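Because the structure is a prediction, the values reported are computed rather than measured.
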Amino acid sequence: MTFYVMALTMCVVLALTWPNGEAAAVFAMVTPLLSVLVMQLVVTRDGWRRSGWTPLGLGRLGTRLWPVAVVTPVAVLLVSEAVLRLTGLTGWHLPAGADSVAMLVDLPVMLVFVFFEEIGWRGYLGPLLASTGRRVPHLRTGLLHGIWHLPLVFFATGGYLTEGNRWIIVPVFLAVLTCAGQVYGWLREVSGSVYPVVIMHTAFNMGLAVAVASTATDSPDAVAALGREAGVVTLVAVAAAALWTSTRRPPAPAGTTPTTVPTATPVGAPVR
């Protein structure tokens, strides 16, 4: 778990020392990538061989699954936003032109930063946990991913999950990311690539930004508890997707052969 300890420690340091919580949350997305680089180049030294990067799912685009990667999070958010609208908690709000342009500009930036995140979670950690033979490795990865956010929630001012009662929101948030871990992990296995996961993660983040910008509410705490990224409606929708994927064993991606996974072999250990 050296990888995870490094990523979590860096996130804690950022949350405690960075004066701007929102900026800390953005730069924290780089910590999984930095941890992968340390593991690959220093700890295991697998990264000094080209084949050492193969298990991270960087060699295939997985384009066949890109539509699924976009449609799934959009569908989850549509359900969540529909419930919020039907309950009267939100109303339509047309975003300003400048806000729309800003979101379009943010898209490629978000793709890059989500890639920095996912190369760690579903590129490195997910396959590593799966290789141990333990049960539900994708759910474990999702839970660890959720816990990694907690320093930003509790230590960084305005960093993450700023609305609602944290003692209610945080457990639901952890459950959402745990279930999402199953969906992300399944997509990673089916595609043999980390890129569809990056697209799915980005699509959810962008969809959430659009939802926030295009609605208004007088009850932000109730909205946070019911919908968006840490609400019970979102949890039910994501849990349903997780259950569906858990019943379908991923086939090997076409044109590929089984590959090894990161092994976390200590420096100096004999290579066989």
Side-chain angles (χ1 to χ4, degrees), residues 25 29 32 62 65-87 89-90 110 114 117-118 120-123 125-126 129-130 135-150 152-153 160-161 163-191 194-212 215 221-250:
M29 298 172 76
L65 274 300
W66 286 15
V68 175
V70 173
V71 170
T72 303
V74 169
V76 168
L77 287 169
L78 283 175
V79 170
S80 172
E81 292 303 311
V83 171
L84 292 176
R85 187 72 179 91
L86 290 172
T87 56
L89 289 174
T90 61
M110 186 176 292
V114 170
E117 249 198 274
E118 288 300 341
W121 304 127
R122 257 56 64 166
L125 183 61
L129 291 180
R135 299 182 61 185
V136 295
H138 301 323
L139 293 177
R140 291 171 184 264
T141 304
L143 177 59
L144 291 172
H145 183 199
I147 292 171
W148 170 84
H149 288 81
L150 296 189
L152 300 169
V153 176
Y160 212 74
L161 300 181
E163 295 171 340
N165 186 323
R166 289 179 178 175
W167 301 108
I168 297 174
I169 296 296
V170 168
V172 177
F173 172 74
L174 290 177
V176 169
L177 279 196
T178 299
C179 294
Q182 167 61 34
V183 181
Y184 287 143
W186 177 85
L187 187 63
R188 167 75 167 85
E189 288 190 46
V190 169
S191 64
V194 75
Y195 301 114
V197 182
V198 172
I199 291 173
M200 179 177 280
H201 191 158
T202 303
F204 184 85
N205 287 0
M206 285 302 300
L208 189 62
V210 171
V212 171
T215 57
D221 290 349
V223 168
L226 188 61
R228 305 287 156 86
E229 62 185 321
V232 292
V233 175
T234 304
L235 173 58
V236 170
V238 175
L243 181 61
W244 186 87
T245 59
S246 69
T247 62
R248 281 152 179 79
R249 184 176 180 83

Side chain to side chain donor-acceptor pair (under 3.5 Å) involving Q182 - partner list, sequence neighbours excluded: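 By the side chain to side chain donor-acceptor pair (under 3.5 Å) rule, Q182 matches T245.
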
Which residues share a side chain to side chain donor-acceptor pair (under 3.5 Å) with W148, sequence neighbours left out: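 T31.
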
Pairs touching residues 68-87 that satisfy ring-ring contact (aromatic ring centres under 6.0 Å, His included), sequence neighbours left out: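 Qualifying pairs, neighbours excluded: none.
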
Using residues 169-181 as the side-chain source, report each donor-acceptor pair under 3.5 Å to any protein atom, sequence neighbours left out, with the distance given to one decimal.
from : atom 1 : to   : atom 2 : distance (Å)
T178 : OG1    : L174 : O      : 2.7

Test log, rule side-chain contact (heavy atoms from CB on, under 4.5 Å), inputs L226 and V232: CA-CA 5 Å; L226 188 61; V232 292; 3.7 Å; yes

Do you know the tightest heavy-atom contact between [X] and [Y]?
| X | Y | answer |
| --- | --- | --- |
| Y184 | H201 | OH-CA, 3.5 Å |
| P196 | G62 | CG-O, 3.5 Å |
| A224 | E163 | CB-O, 3.7 Å |

Student check: side-chain heavy atoms of [X] and [Y] closer than 4.5 Å:
| X | Y | value |
| --- | --- | --- |
| M200 | L65 | no |
| R188 | H138 | no |
| W121 | E118 | yes |

Validation: residues 71-85 side-chain donor-acceptor distances under 3.5 Å, sequence neighbours left out:
from : atom 1 : to   : atom 2 : distance (Å)
T72  : OG1    : V68  : O      : 2.8
S80  : OG     : R228 : N      : 3.0
S80  : OG     : T234 : OG1    : 3.4
E81  : OE1    : R228 : NH2    : 3.2
E81  : OE2    : R228 : NE     : 2.7
R85  : NH1    : T90  : O      : 3.4

How would you list, by chain and number, every residue that makes a side chain to side chain contact (heavy atoms under 4.5 Å, CB included) with [X], sequence neighbours excluded?
| X | answer |
| --- | --- |
| M29 | F113, V114, E117 |
| V136 | L139, R140 |
| A130 | P137 |

Pairs meeting criterion salt bridge (charged side-chain N to carboxylate O under 4.0 Å, His left out) with involvement of residues 194-211, two or more places apart: none

Salt bridge (charged side-chain N to carboxylate O under 4.0 Å, His left out) contacts in which one or both residues fall within residues 197-212, not counting sequence neighbours: none

Distance-only donor-acceptor check, side chains H145 and R122, under 3.5 Å: yes

Rounded distance (nearest 0.5 Å) linking atom CG of L125 with atom CG of L144: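 Interatomic distance, L125 CG to L144 CG, rounded to 0.5 Å: 6.0 Å.
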
CH2 on W66 to OG on S191, rounded to 0.5 Å: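 Taking OG in S191 and CH2 in W66, the distance rounds to 11.0 Å.
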
